[in-house]
S.K.: 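This structure is in structure tokens; I'll ask about it shortly.
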There are 2 protein chains.
Amino acid sequence: METILHLTGPLDPRSGWRASPDRCPIARALDVMSTRSAFLIMREAFYGTSRFDDFVGRAEISEPVAAARLRELVSEGLLVREPYREPGQRTRHRYRLTEKGADLLPVLVGLIQWSQRWLDDDGAGGVLALRHRDCGERVGVGLRCAADHEVAVGELDLTLAAAGAR
Amino acid sequence: METILHLTGPLDPRSGWRASPDRCPIARALDVMSTRSAFLIMREAFYGTSRFDDFVGRAEISEPVAAARLRELVSEGLLVREPYREPGQRTRHRYRLTEKGADLLPVLVGLIQWSQRWLDDDGAGGVLALRHRDCGERVGVGLRCAADHEVAVGELDLTLAAAGAR
DNA sequence: CGGCATCCTTAGGGATACTG
DNA sequence: CAGTATCCCTAAGGATGCCG
């Protein structure tokens with residue numbers, strides 16, 4: 001394992017290393033989630049939206065876009081499309097989060113948190129908040145290490161481990 | 001304060017509430033960060049990249065795109081463009097993260113974490129990891145409430161508070 | 001070195017109309 | 001309700017060349 005550079009937020013002389021973009025995890029994640037509509041659809045999925053028309057209406061996107069994005073997100077395994085039928089009804093389909101999709105929640109929450117902190121969402125309609133069901137406190141995302149320390153931006157190192165390392 | 005719905009990851013009957021998309025924090029954040037190039041530039045900024053040509057080369061984007069995105073990110077206040085000069089050189093400019101920009105780090109780390117967990121970044125060139133400088137342990141993002149409990153996806157409530165609430 | 005101008009291609013996305 | 005088909009526009013992004 002080799003320490004590549006120190007992330008400091010503000011400035012760093014840079015060690016000459018580069019992100020090998022072809023396999024940079026961020027670049028790869030962006031292959032799946034890079035469009036506005038993808039984020040909005042995932043947002044809705046977290047809110048419990050499951051039907052096509054609801055995605056269209058609530059994310060405020062057009063049908064063709066919703067159809068295209070849903071198809072992609074299903075094929076990427078973030079959502080599943082499954083048939084169901086209520087007692088007297090015909091068979092319908094609904095979209096549900098997979099575990100893979102649900103695991104994106106920290107990213108979404110990170111965006112919410114950042115937006116509320118910096119974009120003065122003056123919330124003329126009230127302030128949206130995520131809360132811990134058990135204790136009622138607000139929920140956010142934060143950096144934390146495996147030893148359970150809270151980690152500040154300036155305390156991060158970027159390392160590259162040979163092959164089978166953790 | 002009013003509880004709107006329970007986020008469960010998998011399915012929820014949905015309470016009829018909608019995200020009022022015009023002021024949805026996610027939608028607003030996406031006005032700033034919705035393109036691949038914006039994420040890649042921010043990634044590079046975290047890695048310490050500061051010069052125009054380095055952004056172009058390391059993020060693997062074209063000059064016009066880099067110029068456009070850098071201009072936007074500066075005007076949005078995520079980066080600052082500042083002149084500097086080394087002893088015998090002419091004045092140059094560099095781009096640095098602002099606090100607002102640096103605060104986006106959890107989102108980036110969330111993407112890295114998700115990508116490594118689900119996109120089998122088999123990392124034929126080694127595995128990238130963020131580590132806590134003090135203890136060397138790997139760093140990730142997680143949901144946590146103000147009372148410092150770790151929060152699972154299914155333990156989240158979405159609430160809407162009247163106006164000046166926290 | 002740090003861009004901007006130009007041109008081009010592709011992807012994202014809206015509107016409308018139609019179908020099972 | 002859940003899409004598909006068509007058409008059109010705009011934004012994202014690459015390639016190339018020029019310029020202070």
Side-chain angles (χ1 to χ4, degrees), chain A residues 13-14 16 21-22 24 26-27 30-45 49-76 79-96, chain B residues 13-14 16 21-22 24 26-27 30-45 49-76 79-96:
Chain A
R14 186 67 189 235
D22 46 314
C24 164
I26 294 183
L30 292 173
D31 291 339
V32 184
M33 295 290 297
S34 64
T35 69
R36 182 181 175 86
S37 54
F39 278 98
L40 294 178
I41 285 193
M42 291 305 289
R43 178 196 75 188
E44 284 306 317
T49 299
S50 68
R51 296 199 330 274
F52 183 84
D53 273 21
D54 288 336
F55 280 109
V56 171
R58 292 174 181 154
E60 298 200 297
I61 55 181
S62 64
E63 289 101 331
V65 170
R69 220 55 60 213
L70 286 168
R71 204 181 315 120
E72 289 170 18
L73 291 171
V74 166
S75 93
E76 296 285 354
L79 301 176
V80 276
R81 180 175 187 266
E82 56 179 30
Y84 73 103
R85 54 185 312 171
E86 289 161 4
Q89 306 290 321
R90 66 178 170 88
T91 300
R92 300 188 189 291
H93 291 272
R94 72 178 148 202
Y95 296 88
R96 288 184 41 185
Chain B
R14 186 66 190 234
D22 47 313
C24 165
I26 295 183
L30 291 173
D31 291 339
V32 184
M33 296 289 298
S34 65
T35 70
R36 182 180 176 85
S37 53
F39 278 97
L40 294 179
I41 285 194
M42 291 306 289
R43 177 196 76 188
E44 284 307 317
T49 299
S50 68
R51 297 202 328 276
F52 183 84
D53 275 20
D54 289 335
F55 280 109
V56 171
R58 293 175 180 152
E60 298 201 297
I61 56 182
S62 64
E63 288 101 332
V65 170
R69 220 56 58 212
L70 286 168
R71 203 182 317 121
E72 290 169 17
L73 291 171
V74 166
S75 93
E76 296 286 353
L79 301 176
V80 276
R81 180 174 188 266
E82 54 178 31
Y84 73 102
R85 53 185 313 170
E86 289 162 3
Q89 305 291 322
R90 65 177 171 89
T91 299
R92 301 188 189 291
H93 291 273
R94 71 177 147 205
Y95 297 88
R96 289 182 40 184

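We name chains A, B, ... by the order of the sequence lines, and we start the count at 1 in each one.
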S.K.: Using whole Å, report how far CD of B:Glu82 lies from C1' of C:dG2.
M.R.: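 Checked: the CD to C1' distance equals 16 Å.
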S.K.: To the nearest angstrom, how far is A:Phe39 atom CZ from C:dG12 atom P?
M.R.: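 That distance rounds to 13 Å.
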S.K.: Using 0.5 Å steps for rounding, measure from the CG atom of B:Leu70 to the CD atom of B:Glu63.
M.R.: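 The distance works out to 11.5 Å.
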S.K.: How many angstroms lie between atom CZ of A:Arg69 and atom CZ of A:Arg36, to the nearest 0.5 angstrom?
M.R.: 12.5 Å
S.K.: Can a side chain N or O of B:Arg51 be found less than 4.0 Å away from OP1 or OP2 on C:dC1?
M.R.: no
S.K.: Do the non-hydrogen side-chain atoms of B:Leu40 and B:Arg58 ever get within less than 4.5 Å of each other?
M.R.: no
S.K.: Residues two or more places apart in sequence or in another chain: which of them pass salt bridge (Lys or Arg N to Asp or Glu O under 4.0 Å) with B:Arg92?
M.R.: none
S.K.: Could you check how far CZ of B:Arg69 sits from P of C:dC4, rounded to whole Å?
M.R.: 13 Å
S.K.: Would you indicate, yes or no, if C:dG13 has its OP1 or OP2 atom less than 4.0 angstrom from a side-chain nitrogen or oxygen of A:Thr35?
M.R.: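 Checking A:Thr35 against C:dG13: at least one side-chain N or O falls below 4.0 Å of OP1 or OP2.
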S.K.: Just by modelled atom types, is the A:Glu72 backbone N or O under 3.5 Å from a matching donor or acceptor in the A:Ser75 side chain?
M.R.: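 Looks like yes, one N/O pair under 3.5 Å.
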S.K.: Ignoring backbone atoms, test whether B:Arg94 places a side-chain nitrogen or oxygen under 4.0 Å from the OP1 or OP2 oxygen of C:dG2.
M.R.: no
S.K.: Assign a letter to each nucleotide of nucleotides 15-20 of chain C from its 5' end: B, base within under 4.0 Å of a protein heavy atom; S, sugar-phosphate only; -, no contact.
M.R.: BB---B
S.K.: What I'd like to find out is whether the side chain of B:Val65 reaches to under 4.5 Å of the side chain of B:Thr35, using heavy atoms alone.
M.R.: no
S.K.: Taking the side chain as C-beta and beyond, is there a heavy-atom pair between B:Leu79 and B:Met42 under 4.5 Å?
M.R.: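 In contact.
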S.K.: Which value, rounded to the nearest 0.5 Å, describes the distance between A:Tyr84 atom OH and A:Arg96 atom CZ?
M.R.: 12.0 Å
S.K.: What is the first contacted nucleotide of DNA chain D and what is the last, in 5' to 3' order, if contact means an atom lying under 4.0 angstrom from a heavy atom of chain B?
M.R.: D:dA12 to D:dT16
S.K.: Hey, what do you get for CZ (B:Phe55) to CG (B:Leu73), rounding to the nearest 0.5 Å?
M.R.: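 Output value for this atom pair is 9.0 Å.
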S.K.: Quickly work out the B:Ile61 CD1 to C:dG2 P distance and round it to whole Å.
M.R.: 14 Å
S.K.: If I take atom CG in residue B:Leu70 and atom C1' in nucleotide C:dC1, what distance separates them, rounded to the nearest angstrom?
M.R.: 14 Å
